[in-house]
There are 2 protein chains.
Amino acid sequence: MDLKQDIKLAVDIVIFGYEERQLFVLLIKQKYGKYKGRWLLPGGFVKNKEGLKAAAIRELKEESGVVVDDLEQLFTFGDDVKRDHRGRVVTVSYFGTVKPSSMKLKAATDSIDAKWFTIESISDLPYDHNQIVETAFNRLKSKLNYQPIGFNLLSKKFPFSDLENLYMTILQSPIDRRNFRKKILSFDFLEETDELLSKGSGRPATLFKFNKKKYQSSLKRGINFEIKFA
Amino acid sequence: MDLKQDIKLAVDIVIFGYEERQLFVLLIKQKYGKYKGRWLLPGGFVKNKEGLKAAAIRELKEESGVVVDDLEQLFTFGDDVKRDHRGRVVTVSYFGTVKPSSMKLKAATDSIDAKWFTIESISDLPYDHNQIVETAFNRLKSKLNYQPIGFNLLSKKFPFSDLENLYMTILQSPIDRRNFRKKILSFDFLEETDELLSKGSGRPATLFKFNKKKYQSSLKRGINFEIKFA
DNA sequence: ACAAAAGTGTTAGACCTACACCCATGG
DNA sequence: CCATGGGTGTAGGTCTAACACTTTTGT
């Protein structure tokens, strides 16, 4: 065993939120160190007896108050030996999705504030955090095409138009409402409720909910959820 | 900075090779330690001033003699705090593809031997290496469906039947030769040479080669290389 | 009655799938 | 001349893409 190895292991987390036709990323304001006062991704060092994903979930909660029960591993950044000024730090990045209005943001430990930023507004993050966000955003976009990923980002019950707008926002391109609805409904993992939602003017929308059981049983039957729109 | 962190960082590499309608994985025979004499994945600890991918390429070469110029990051294993008996070790796994007959295997440093094993024949590897191989195999299968990945696994010039067999071997299902050829040729990244290859009896096959430039320019034009066969 | 958002079908063309015979060579 | 592997076309069905008007509500 190489006793001289001196590499620190960290985790960084990219949390996406969606609200009112806008996609947001969660950032925290650093309390200490070189980047005190700067906004950056939640994250921190892994504890000796703590799993990687567990560390990510813990740091996220500590620094922002956001609680998730699962995160997906994104990429491990460690090709650049000098990505961190404090010495050699390798970071395992995670990403997750959340509905902002269901979370109360609350800074603690290393952070003095936590806030949602639109994805366009973040630039010049410290370290390689811009690259991490970009990687996460690309993954989000590509996952949208083959997994019904959007449902964490919406309310439990939502009008169909929310889904449409979510896809259009993330993919940054218009989609055909009729074809989209047909395709999604054909997958048969949405359930129509008998509730309606009026928001301001216009015809009230029937609310749908995601039926996880149906989704998973379709998955087992090997059904592909590919969604392609120009 | 957490001075008490005591986590070692390693890399493990899954190299796939294809020859004669069989898919192989490269393993090395361990020279030292608890698993002395056992076959397992090439890999080892990352040096302080060495990028992760560079460490993987170096370890691969040192332990097996296999030289690659690129590897793809697969997954970072570190949720199980006790995956390594030597203490807390987190490993970043990589995978790559290679044509076995173009490589001379040569053990050195930590390994006393290096050998190709068919994917079916490997079981009971030390640590969580079975899980790593499984992860890599799944990735290989899924990449086959949307990237012309197979070309590292074949000779520079190859008969069309080699590609067919490669796909059938990896996906473990028969494919329709006519439809497969039509689809692949429609992507227009293969170039027909005027050479023929006779192997034993049967009509000689025209040799094709992969045209990387055409592939990349198609990629830029946003063409999708999706290949689906039951 | 008007503005705003929800809901809904059809058609043409592209793509996928299934399928069987002839060709060129070696032995 | 037989065995072996290489090379090729078509038709039916399915899926995709493009497209516009009606319904229900709030103001």
Side-chain angles (χ1 to χ4, degrees), chain A residues 19-22 144-146 154-155 157-169 171 173-188 190-209 218 221-230, chain B residues 19-22 144-146 154-155 157-169 171 173-188 190-209 218 221-230:
Chain A
E19 204 86 56
E20 301 289 330
R21 306 193 185 193
Q22 285 211 287
L144 216 52
N145 290 320
Y146 59 90
L154 302 176
S155 311
K157 295 175 183 178
F158 53 88
F160 218 95
S161 58
D162 274 15
L163 240 201
E164 281 167 34
N165 290 325
L166 174 68
Y167 271 74
M168 288 194 282
T169 302
L171 300 177
S173 73
I175 57 184
D176 183 287
R177 287 170 53 230
R178 282 179 280 193
N179 293 338
F180 181 76
R181 181 186 261 252
K182 244 179 295 173
K183 185 74 167 276
I184 297 283
L185 288 178
S186 78
F187 293 145
D188 195 39
L190 283 192
E191 220 167 76
E192 197 171 337
T193 70
D194 49 9
E195 294 170 68
L196 295 178
L197 177 73
S198 275
K199 34 178 173 182
S201 75
R203 174 172 176 174
T206 67
L207 294 180
F208 289 83
K209 59 181 178 183
S218 302
R221 272 178 284 125
I223 288 177
N224 260 44
F225 297 101
E226 216 176 298
I227 300 168
K228 284 222 177 114
F229 298 96
Chain B
E19 204 86 55
E20 302 288 332
R21 307 192 185 194
Q22 284 212 286
L144 217 52
N145 290 319
Y146 60 91
L154 302 176
S155 312
K157 295 175 183 179
F158 53 88
F160 219 97
S161 58
D162 275 15
L163 241 201
E164 281 168 33
N165 289 325
L166 174 68
Y167 272 74
M168 287 194 284
T169 301
L171 300 177
S173 74
I175 56 185
D176 183 287
R177 286 169 55 226
R178 282 180 282 195
N179 293 339
F180 180 77
R181 180 184 261 250
K182 245 179 295 174
K183 186 73 168 277
I184 297 283
L185 288 178
S186 78
F187 292 145
D188 195 38
L190 282 192
E191 220 167 77
E192 196 171 337
T193 71
D194 49 10
E195 293 169 70
L196 295 178
L197 176 72
S198 276
K199 33 179 173 182
S201 74
R203 176 174 173 175
T206 67
L207 294 180
F208 289 82
K209 59 181 177 183
S218 301
R221 273 178 283 127
I223 289 178
N224 260 44
F225 297 101
E226 216 177 296
I227 300 168
K228 285 227 177 108
F229 298 97

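Lettering of chains follows the sequences in order, A, B, ..., and the numbering in each one begins at 1.
Candidate nucleotides D:dG7, C:dT17, C:dT10 were compared by shortest atom distance to the side chain of A:Lys182, and C:dT10 ranks first. Closest to the side chain of B:Lys183, out of C:dC16, C:dA18, C:dG9, is C:dC16.
The ring-ring contact (aromatic ring centres under 6.0 Å, His included) check on B:Phe187 picks up B:Phe189, B:Phe225, with sequence neighbours excluded. Listed by chain and residue number, A:Glu192, A:Leu196, A:Phe208 satisfy the side chain to side chain contact (heavy atoms under 4.5 Å, CB included) test with A:Thr206 (two or more places apart in sequence, or in another chain).
Note on A:Lys199 versus A:Asp162: salt bridge recorded, some NZ/NE/NH1/NH2 to OD/OE distance being below 4.0 Å.
Of all the residues in residues 197-207 of chain B, B:Ser201, B:Gly202, B:Arg203, B:Pro204, B:Ala205, B:Thr206 reach under 4.0 Å from DNA chain D with at least one non-hydrogen atom.
Distance B:Asp176 CG to D:dG9 P: 14 Å, rounded to the nearest Å. One interatomic measurement links the two molecules: CZ of A:Phe187 to P of D:dC15, which rounds to 11 Å at whole-angstrom precision. When rounded to the nearest whole Å, the span between CZ of B:Arg177 and P of D:dG7 equals 8 Å. Taking atom CD1 of A:Ile227 as the reference point, atom P of D:dA17 lies 12 Å away to the nearest angstrom. The distance between atom CG of A:Leu190 and atom C1' of C:dG7, rounded to the nearest whole Å, is 15 Å. The separation between B:Asn145 atom CG and C:dC16 atom C1' is 15 Å, rounded to whole Å. The interatomic distance linking B:Leu196 (CG) with C:dG26 (P) rounds to 11 Å, in whole Å. Distance CG (B:Leu163) to P (D:dG5): 18 Å, rounded to an integer number of Å.
Separating the NZ atom in A:Lys209 from the CG atom in A:Leu190 is a distance of 11.5 Å, to the nearest 0.5 Å. The structure places CD of B:Glu19 at 11.0 Å from CG of B:Leu166, a figure rounded to the nearest 0.5 Å.
Closest approach of A:Lys183 to A:Ile227, counting heavy atoms only: NZ-CA, 4.1 Å. Closest of all the heavy-atom pairs between B:Leu207 and B:Pro159 is CD2-N, 3.5 Å.
The base of D:dA20 lies close enough to the side chain of A:Arg178 for a donor and an acceptor atom to sit less than 3.5 Å apart.
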